[in-house]
Amino acid sequence: MVTFKNLPIKKKLRYAMLMTTYSVLLVTLSVQSVSEYLHSRTIMINKMETLINVVGANAQAALMFEDSASAEELLNGFSTTEEIEAAYLLSENGQQIGAYYKDKKQPWAFTLEDLTQPVTLFDQGKLHVYRPISLDGQFLGAIYIQSNLSELYLHLTQILFLILIAALISLVLAAFLSGRLQKLLANPITDLADTINEITEYQQYDRHVQKLDNDEIGQLYDCFNDMLMQIKERDDRLQQHRETLEATVSDRTHELKKANRELKDNISELNNTKESALDAAKAKSAFLANMSHEIRTPMNGVLGMLDLMKDTSLDKSQRDFLNTAYSSANSLLSIINDILDFSKIEAGKLVVEHIDVSVSEVVEDVCALLAGTAREKGLELSCYIDVDIPPILKGDPVRLRQILTNLIGNAVKFTTEGEISVRVNLVERSRSIAQVDFTVEDTGIGIAEDKISTLFNEFTQADGSTTRKFGGTGLGLTISKQLVELMSGEMNVTSTQGEGSAFSFSLDMDISKTRKVQKSQVYHVLDGMKALVVDDNKTNREILKHYLTSWGLDHSEANSATSALEQLKEAATNEQPFELLFLDMDMPEMDGLTLSKLIEDDSQLKSVRRIMLSSTGLLSQAELQDVGISACLSKPFRQARLLDTTMQVMHYHQSPEDRSIKPVEERPIFSDDIKVLLVEDNVVNQKVAISMLKKLGLNNIALAEDGKIAVNMSGSYAYDIILMDCQMPEMSGYEATGVIRQRERDQQLPRTPIVAMTANAMTEDREKCIAAGMDDYISKPVKIGLLKSQLEKWLVQTASETTNNMESSTDSLATRSASELIGDDEQEPVIDQAVLTSLKELMEDDFSMLVDSYKEDAPKLASDILSSSKDADLDVLVRAAHTLKSSSSNLGATRLATIAADIEKEGKASNLDKAASLILPLQSALDETISALNHSK
């Protein structure tokens, strides 16, 4: 099919020119024709209006006297005009006075609504003109003329004829010019195309085309010539390569044959090496497997002796050393066991047993073993075992325990918040085989998708950084997977990074013919009892749901204490009360103890029996009796233990009258709602103060590291008391107190008690604190008894008592001097053992961290004192000496605190020489203090 795209370029150019010309000409002629037609119509109308006006003026007399003869004579004058076919002369009431008809034809008739209005109308090929006739403003009548359009049509025909002649001439001229112009444009392109065809056909790449112009076509010629030159050069090079190719192929063939011979020799050598390596690997694995007993024996001996040593009389330091050694040895034995098990598997010497095993007991034992670790991290560890699993199956309990310990241990290790769920489900059961599915799911760090494929490789973890952060050899999952495969199972993992992981495996286990002794028969005892499960964790509720359903209890669920109270009250109102209540200890908004207390205080609800399920350990009997709880189980609970406890609670339950007398417990002095803001820049002092406050029962503690932060925090949150250090960078405690007091006055806020905590113990320091707006004053090192009395004064006692106590306390503090606190250098010991012992008892496990922080900060402060003395920077010197004095006093380093206090005093007095002379004794005291602290740990 021939289209415009397929036409030669000559025709394309010619047709394009002609179509453009013809389009322009057509539009021009059309506009001209329309314009000429409108102009001719206007001329004709003007002519007829002039004629009718003249006749109308002459017809005034005829109309005035209604002279028909004169009117007829006047109208017959139109006979000389070819265009006029008819004419009327009408009276003022529309009656005909005179008429003229050409060829005796009746004129076109029309109706006028208003005889006084002129009308000009083209219709049915005629021109109709109607004009009223007036004399001195008086309407006399009208004249009507009907004309044909022959003159108009004749004129238009002449015009169109002329236009057609002009169009024909233009077309001929356009065709002639387009034919000439297209040659100028198309010939160079067609010549180039012909040349390309010839070159392609005859392979004559040494030809060149002659450029005629310097336009774009000329540039195309230049590019084409360059291309021909490059092709010619390429052909020359190809010819050279072609001439040498045969020799090159011969040489390469010889080299290839030689390489093949060498490759065959290397393959043979590698095969021999491979066999040797395999033999060596087997020998190594066999050696490691055979060494299992020899390695485990001394390790067990070490652990056994350390375990026995725990029962001997040891002081605290020796017990710390013993615990550290025992933990290290235990970790080493675990690593050795992993390596030896891996070696056994590699050597093919690990054989799984096929003996009776209780799956539920194995799983619950492992969960109970790791529950303490999970509890320490604040994790919820739940365990669900399908009640339909046969009680005794055939398998390897040791290896099954090892797999579950690895999987659950990893889940606890790599989970920082959330929960770990262990589920054991019966997938399928026949008369002799049960397919059991084990799943361990966590909400931990998860595994990246690209790391899952290498997860089970030996000595590999999902991320290399986890080895340093979490520890481990990377063998646990490898061994677990291989053990599962030895049991004819398959390990699977699904994980999303940042959301958690789920490890699962299924085992086909033979059903043992051994019958397990049932400790509790519940087929009819618990059937139909009404129970309520209260737990905010959906997984825990799901587990209890399955257990209670299998035991025949009619149970409901509540995800909060509020919902539980509503259900309990509704059931009691409907006279269908719940008989048993399973309570979670840790729930948001209201915990299990509070809920049980509310139930105990409600006479309508207190008859329901309650079992507490706690993730934070067991509660004392006094705590349970105080809120009416019958029993308490630690999570994750054993299924059998939960059943036995339920049976015991439902069939042995003391009445309220039979309960033992509740011991009177000491009520805490401070409310749990009290909010304390501690403002302290020194890390050691921070830890000491926080430990003391927690010891006193104040756990809602916020920390600000300088005065500016304290101002912002106190402005956005209402604290019950502020403990303010005085010497701090950025903004001192005095300045911060002033800003807080000013804000309280401006905004009419209640006054927040601010108690200064500073190592400055002079009378003027106390007065400076009071003048700054502080309410009281505690000197460092802070004694827990003094801190308690001050907190009681401002948080517990009445205003009047507070005022009296404040006066007596501040008076006594005002009389104390610095020498009473730190004494003379020659008389003070390096370490005040009483202070140090008190801190150990107060901070317990955190004491080592406190000492480490001090040992890290104190040398830096001494260095600042030295450098500031050289730079004569008294501000830095005073601040560093004050901080060192404060932290040393809190830790009981009295000699170092004394020297730091003297340096601070001389610095404030601008006695730089005296302050510098104390730096050498300061460094000596610091070394002695660090040494003493190292021995005290």
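Computed from a predicted model, the values in this text were never measured in an experiment. Quick note: residue numbers are just sequence positions, from 1.
- How far CG of Asp584 is from CG of Asp591: 9.5 Å, rounded to the nearest 0.5 Å.
- Side-chain contact check for Asp536 versus Pro588: some heavy-atom pair is nearer than 4.5 Å.
- Side-chain contact of Arg879 with Ser868: a donor-acceptor pair under 3.5 Å is absent, judged by distance alone.
- Glu744 is linked by a side chain to side chain contact (heavy atoms under 4.5 Å, CB included) to Ile740, Arg741, Leu749, Arg751, Thr752, counting only residues two or more places apart in sequence or in another chain.
- Put simply, the side chain of Met774 reaches to within 4.5 Å of the side chain of Tyr734, judged on heavy atoms.
- Proximity of a side-chain donor or acceptor of Thr898 to a complementary backbone N or O of Thr894 within less than 3.5 Å is detected.
- Between the Ser869 side chain and the Leu912 main chain, no donor and acceptor come within less than 3.5 Å of each other.
- With Val676 as the partner, the side-chain contact (heavy atoms from CB on, under 4.5 Å) test is satisfied by one option alone out of Leu698, Leu696, Leu791: Leu698.
- Using modelled atom types, no side-chain atom of Thr415 and backbone atom of Val412 make a donor-acceptor pair closer than 3.5 Å.
- Minimum heavy-atom separation, Lys377 to Lys413: NZ-O, 3.1 Å.
- The shortest heavy-atom contact between Ala900 and Leu922 is N-CD1, 4.1 Å.
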| said: Pair Val739, Gln742 - check side chain to side chain contact (heavy atoms under 4.5 Å, CB included), show working. | reply: CA-CA 5 Å; Val739 174; Gln742 185 62 44; 5.8 Å; no

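- Ser596 places a side-chain N or O within donor-acceptor distance of the main-chain N or O of Val627, the cut-off being under 3.5 Å.
- Rounding to the nearest 0.5 Å gives a distance of 6.0 Å between CG of Leu861 and OG of Ser887.
- Of the possible polar contacts, none joining the Asp871 side chain to the Asp873 backbone as a donor-acceptor pair under 3.5 Å is found.
- Within the 4.5 Å cutoff, side-chain heavy atoms of Glu904 are placed close to those of Lys885.
- The stretch residues 914-926 participates, sequence neighbours left out, in no salt bridge (charged side-chain N to carboxylate O under 4.0 Å, His left out) pair at all.
- Contact detail for Leu877 and Gly907: the closest heavy-atom pair is CD2-CA, 4.0 Å.
- Side-chain contact between Ser910 and Leu874 is present, with at least one heavy-atom pair separated by less than 4.5 Å.
- The CD atom of Glu792 sits 10.0 Å away from the CG atom of Leu787 when rounded to the nearest 0.5 Å.
- Among residues two or more places apart in sequence or in another chain, the side chain to side chain contact (heavy atoms under 4.5 Å, CB included) test is passed with Ile701 by Leu678, Ile690, Leu693, Lys694.
- Taking CZ of Phe414 as the start and CG of Asp442 as the end, the distance is 10.0 Å to the nearest 0.5 Å.
- Thr929 contributes atom OG1, which lies 12.0 Å from atom NZ of Lys855 (distance to the nearest 0.5 angstrom).
- Looking at Trp794 and Asp775, their side chains never bring a donor and an acceptor atom within 3.5 Å of each other.
- Shown here for Cys726 and Ala756, the closest heavy-atom pair between the two residues is SG-CB, 4.1 Å.
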What's the verdict on side chain to side chain contact (heavy atoms under 4.5 Å, CB included) for Glu441 and Thr539, showing C-alpha distance, side-chain angles and the deciding distance? CA-CA 11 Å; Glu441 187 173 1; Thr539 304; over 6 Å; no

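- For the atom pair Ile722 CD1 and Ile754 CD1, the distance stands at 4.5 Å (nearest 0.5 Å).
- Residue pairs meeting the salt bridge (charged side-chain N to carboxylate O under 4.0 Å, His left out) criterion with at least one partner in residues 703-719, sequence neighbours excluded, are Lys708-Glu730.
- At least one side-chain heavy atom of Leu583 sits less than 4.5 Å from a side-chain heavy atom of Val534.
- Residues Ile599 and Leu565 form a side-chain contact, since some pair of their non-hydrogen atoms from C-beta on lies under 4.5 Å apart.
- Contact annotation: the side chain of Leu593 approaches that of Ile629 to within less than 4.5 Å [non-hydrogen atoms, C-beta and beyond].
- Contact of the Val679 side chain with the Leu677 side chain is registered, since non-hydrogen atoms from C-beta on lie closer than 4.5 Å.
- Across all their heavy atoms, Arg743 and Gly715 have their closest contact at NH2-N, 3.3 Å.
- When the salt bridge (Lys or Arg N to Asp or Glu O under 4.0 Å) test is applied to Glu906, no partner is found at least two apart in sequence or on another chain.
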After noting the C-alpha distance and the side-chain angles of Met757 and Asp725, does the key distance pass the side chain to side chain contact (heavy atoms under 4.5 Å, CB included) rule?
CA-CA 5 Å; Met757 295 179 64; Asp725 185 25; 5.6 Å; no

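- Taking a cutoff of 4.0 Å between a charged side-chain nitrogen and a carboxylate oxygen, Glu542 and Lys538 do not qualify as a salt bridge.
- Here the closest non-hydrogen pair linking Ser501 and Ser495 is OG-OG, 2.8 Å.
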Inset, instruction - Please report the C-alpha distance between Asp535 and Lys635 in whole Å, then the side-chain angles of each, then the deciding distance to 0.1 Å, and finally whether the side chain to side chain contact (heavy atoms under 4.5 Å, CB included) criterion is met. - result: CA-CA 12 Å; Asp535 199 318; Lys635 294 181 183 177; 3.0 Å; yes

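- Under the side chain to side chain contact (heavy atoms under 4.5 Å, CB included) criterion, Asp927 pairs with Gln923, not counting sequence neighbours.
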